[in-house]
Amino acid sequence: SDRYYGLDRQYFTTVVDYGFSKRLDEALDKWGTEHVLRDVVGVIRTERPLVIISRFQGNQRDGHGNHQAAGLISQQAFKAAGDPKMFPDQIAAGLRPWQPLKLYMGGVRENEDWTIRVDTGAYDPVIGESYQTFARLGLSFQRSQNSGRFAPQPGPSVSYYKRLESLVNAPAKETSFFDGIDVSLAGLFRTLGRTAPP
């Protein structure tokens, strides 16, 4: 397809799928740090999220180098997406800078300094499943890395996340990734710097 999230492909570069690397430096060398950062910044500027949650931390704890690169680039992109000097070609082509308000990383353990605890095994009445089951259903469509099968795991599934950045006031221990962000309709207009209609 010539379109990505409704945008011309000119906003994005091509990252080669070469397999995976055991080391962060090798993954960044093969992919090209700037290419990956450009793509992630382009997605943030396109989707304009209030919160970014990185599954990975950007270090050896993430496992192989591709995961480490994803964690590191997520942290760099959080700041870069709001800077109009970063990738000005995207700005010239029509994307606008966008600064997310909060950044979290996953893979944190219960006995470590975490900000929010999330039970993805809890039932959600809107999707009719737990988030964990819904995620495993999506993973079943991945035909590599021992996926390609649906194996639901009922019951609690607790994950811990640490807040790395916040441009809003939020408590040290949170109950929602949106703590400190006014997500009412009027609040969203204020966040966007626009006047809400009557």
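Index from 1, following the sequence.
The closest donor-acceptor contact from the side chain of R48 to the backbone of V43 lies at 3.5 Å or more, if one exists at all. Counting only distance, with no hydrogens or angles, the side chain of T133 and the backbone of E129 share no donor-acceptor pair below 3.5 Å. Between the side chain of Q57 and the main chain of G106, a donor-acceptor pair closer than 3.5 Å is present. Looking at D179, its side chain does come within 3.5 Å of a backbone N or O of T175 through a donor-acceptor pair.
Of all non-hydrogen atoms in P97 and P84, the two that sit nearest each other are CG-CB, 3.8 Å. The minimum heavy-atom distance between A70 and S74, with the atom names listed, is O-OG, 2.7 Å. Counting all heavy atoms, side chain and backbone alike, P125 lies closest to Y123 at CA-CE2, 3.6 Å. Closest non-hydrogen pair, R163 versus A170, comes out as NH1-CB, 3.5 Å. Taking every heavy atom of both residues into account, W31 and A69 meet most closely at CZ3-CB, 3.9 Å.
Residue L185 qualifies as open at atom CG: its count of foreign heavy atoms under 6.0 Å is 12 or below. For N169, the CG atom counts as loosely surrounded, since its 6.0 Å shell holds 12 or fewer non-hydrogen atoms of other residues, nucleotides or ligands. Heavy-atom contacts from other residues, nucleotides or ligands closer than 6.0 Å to CD of Q99 number more than 12. Summarising the local packing, NZ of K79 is surrounded by 12 or fewer heavy atoms from other residues, nucleotides or ligands at distances under 6.0 Å.
Here the side chains of I44 and P49 are in contact, with some heavy-atom distance below 4.5 Å. No side-chain heavy atom of L50 sits less than 4.5 Å from a side-chain heavy atom of F177. Side-chain contact between Y160 and E112: absent, with no pair of heavy atoms (C-beta onward) separated by less than 4.5 Å. Two residues are said to be in side-chain contact when any heavy atoms from C-beta on lie closer than 4.5 Å; M86 and V41 fail this criterion. In this structure the side chain of F189 never reaches within 4.5 angstrom of the side chain of T195, judged on heavy atoms. You'll find the side chain of R190 reaches within 4.5 Å of the side chain of D182, heavy atoms only. W98 places none of its side-chain heavy atoms less than 4.5 Å from the side chain of E47. Within the 4.5 Å cutoff, the side chain of R45 has no heavy atoms near those of the R96 side chain.
Taking CG of N66 as the reference point, atom CZ of R23 lies at 12.0 Å (rounded to 0.5 Å). A distance of 5.5 Å separates CG of L28 from CD1 of I73, quoted to the nearest 0.5 Å. Between the CD atom in Q90 and the CG atom in D39 there is a gap of 8.0 Å [rounded to 0.5 Å]. Residue L72 holds its CG atom at 9.0 Å from CG of L37, rounded to the nearest 0.5 Å. We find the CG-OG distance between D124 and S130 to be 9.0 Å, quoted to the nearest 0.5 Å. Rounded to the nearest 0.5 angstrom, S159 OG and I116 CD1 are separated by 11.0 Å.
Cluster membership check: F134 does not share its hydrophobic cluster with F141, using side-chain heavy-atom separations under 4.5 Å among Ile, Leu, Val, Met, Phe, Trp and Tyr. Linking ILVMFWY residues whenever their side-chain heavy atoms come closer than 4.5 Å, directly or via other members, leaves I127 and L137 in distinct clusters. In the hydrophobic cluster analysis, where Ile, Leu, Val, Met, Phe, Trp and Tyr join through side-chain heavy atoms closer than 4.5 angstrom, F56 is grouped apart from L164. Residue L103 is grouped with residue V183 when hydrophobic side chains (ILVMFWY) are merged at heavy-atom distances under 4.5 angstrom, including chains of intermediate members. Both L188 and V168 are members of a single hydrophobic cluster when ILVMFWY side chains are connected at heavy-atom separations under 4.5 Å.
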Applying side-chain contact (heavy atoms from CB on, under 4.5 Å), run through V158 and E110 and close with a yes or a no. CA-CA 9 Å; V158 177; E110 182 180 17; over 6 Å; no

Residues T191, L101; criterion side-chain contact (heavy atoms from CB on, under 4.5 Å); working and verdict: CA-CA 9 Å; T191 298; L101 299 178; 4.1 Å; yes

Check step by step if side-chain contact (heavy atoms from CB on, under 4.5 Å) holds for I53 and M105. CA-CA 6 Å; I53 304 167; M105 72 174 181; over 6 Å; no

Would you please test Y104 and E165 for side-chain contact (heavy atoms from CB on, under 4.5 Å) and show each step? CA-CA 7 Å; Y104 296 86; E165 301 274 355; over 6 Å; no

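Looking at residues two or more places apart in sequence or on another chain, you find a salt bridge (Lys or Arg N to Asp or Glu O under 4.0 Å) between K162 and D113.
Ion pairing between K102 and E174 holds under the 4.0 Å rule for side-chain N and carboxylate O.
Between the side chains of S157 and Q132, at least one donor-acceptor pair of N or O atoms lies under 3.5 Å.
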